[in-house]
Amino acid sequence: MGNADIRELAVIEEVSFAALSGSVVAVDAHNWLYRYLTTTVKWTNDAIYTTADGTEVANLVGVVQGLPKFFEHDLTPVFVFDGAVVDLKDEEVSERRRERERAEEKLEAARERGDDIAVARLESRTQRLTDTILRTTRELLGLLDVPVIEAPAEGEAQAAYMAREGDVDYVGTEDYDALLLGAPLTLRQLTSSGDPELMDFQATLARHDLTWEQLVDAAILMGTDFNEGISGIGPKTAVKLLAEHGDIWAVFEARDAYVDGADRIRELFLDPAVTDEYSVETDSSPDVAAAREFVCDRWEVDPGEVERGFERIEDSLVQTGLDQWE
DNA sequence: CTAAGCAA
DNA sequence: TTGCTTAGG
């Protein structure tokens, strides 16, 4: 599939958190939450992340554990939430449904034979961001005064747009799509322990002598989330073909191979639904006490699970407060 | 999912 | 160079 192929084209360098100090990052909220739920939190035990009535609250633990990373490095996160689901082609939708059903069958089988490791792995695959998870995440971010922006469609597209407009410095997501959406600078691995990775849009275009349209065309040839690539075309061949033929239509002609709905897929990347109705408020005053109460009292999370995170948030507040006097 | 190794 | 498989997180 295409993701690794796009990485192959992208100009990516490691950066230090220190180099990012003072900047604003538009975080793809769904991507960030998903990553936290599947890797950090979900991996350990399950019961403590569920309330007595069965509501999942692992997201709250994830938020409390994940935000300090931004604050401690003097990064301002802006969380961008998905709006309406972008409608895919019918076959794509049913393919995904089949995938999901297959995964859920396997999960059931693993449960029956008591294979805990397999259960954990499969659960992370079938994990869904429920309405409750999204709602409580927004509420907690609100209490901590972290800006939240509602995208009309894909959060990542909105984030990329805000970065292109210069309203934020970076897009934060693990997804390579940000590059196709024209996000000038994308940060990856903000949640993991090592240094972040910086993906540079203009440098990527320059390296391969491509226009934005051609980069998107190359991705479509190699395969994206929305289409199968053309067999036999990887990163090298895609770039060569576009240099030779100019655009995807000419390539189709020359190879007598076609991608269904290529014009629509192109549009999803080049001209996605976004809104100007947002404001990025960078000075914040988190109500940590209220956040604690929300997480531990309202949602019954064991204080031990989030205490360290709240402390780090409080400490980083003091720290930035001091910085202003230096 | 990502990296590495191998066949065509 | 691409695509497939396998190991590991």
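Reminder, nothing fancy here: chain letters follow the sequence lines and each chain counts from 1. Hydrogens, waters and symmetry mates play no part in the numbers below; they use all other heavy atoms, side chains included.
Between the C1' atom of B:dA3 and the CD1 atom of A:I12 lies a distance of 14 Å, rounded to the nearest Å. As rounded to whole Å, 18 Å separates atom C1' of B:dC1 from atom OH of A:Y36. The CD atom of A:E8 sits 13 Å away from the P atom of C:dG3 (whole-angstrom rounding). Counting to the nearest Å, the P atom of C:dG3 and the CE atom of A:M222 are 11 Å from each other. At whole-Å resolution of the value, CZ in A:R35 and P in B:dT2 are 7 Å apart.
Which of C:dT2, B:dT2, C:dG3 sits closest to the side chain of A:K236 comes down to C:dT2. With distances taken from any side-chain atom of A:R7 to the nucleotides B:dT2, C:dT1, B:dA3, the minimum falls on B:dA3. The side chain of A:T237 lies closest to C:dT2 when the candidates are C:dG3, C:dT2, B:dT2. Closest to the side chain of A:S231, from the set B:dT2, C:dG3, C:dT2, is C:dG3.
For A:F252, the ring pair (Phe, Tyr, Trp, His ring centres under 6.0 Å) partners two or more places apart in sequence, or in a different chain, are A:W249, A:Y258.
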task = Evaluate the criterion side chain to side chain contact (heavy atoms under 4.5 Å, CB included) for residue pair A:Y161 and A:V171; output intermediate values, then yes/no.
result = CA-CA 9 Å; A:Y161 175 71; A:V171 171; over 6 Å; no
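Between A:W32 and A:F70, the angle of the ring planes lies from 30° to 60°, which puts this pair in the tilted group.
Residues A:R255 and A:I233 are in side-chain contact: their nearest non-hydrogen atoms beyond the backbone lie under 4.5 Å apart.
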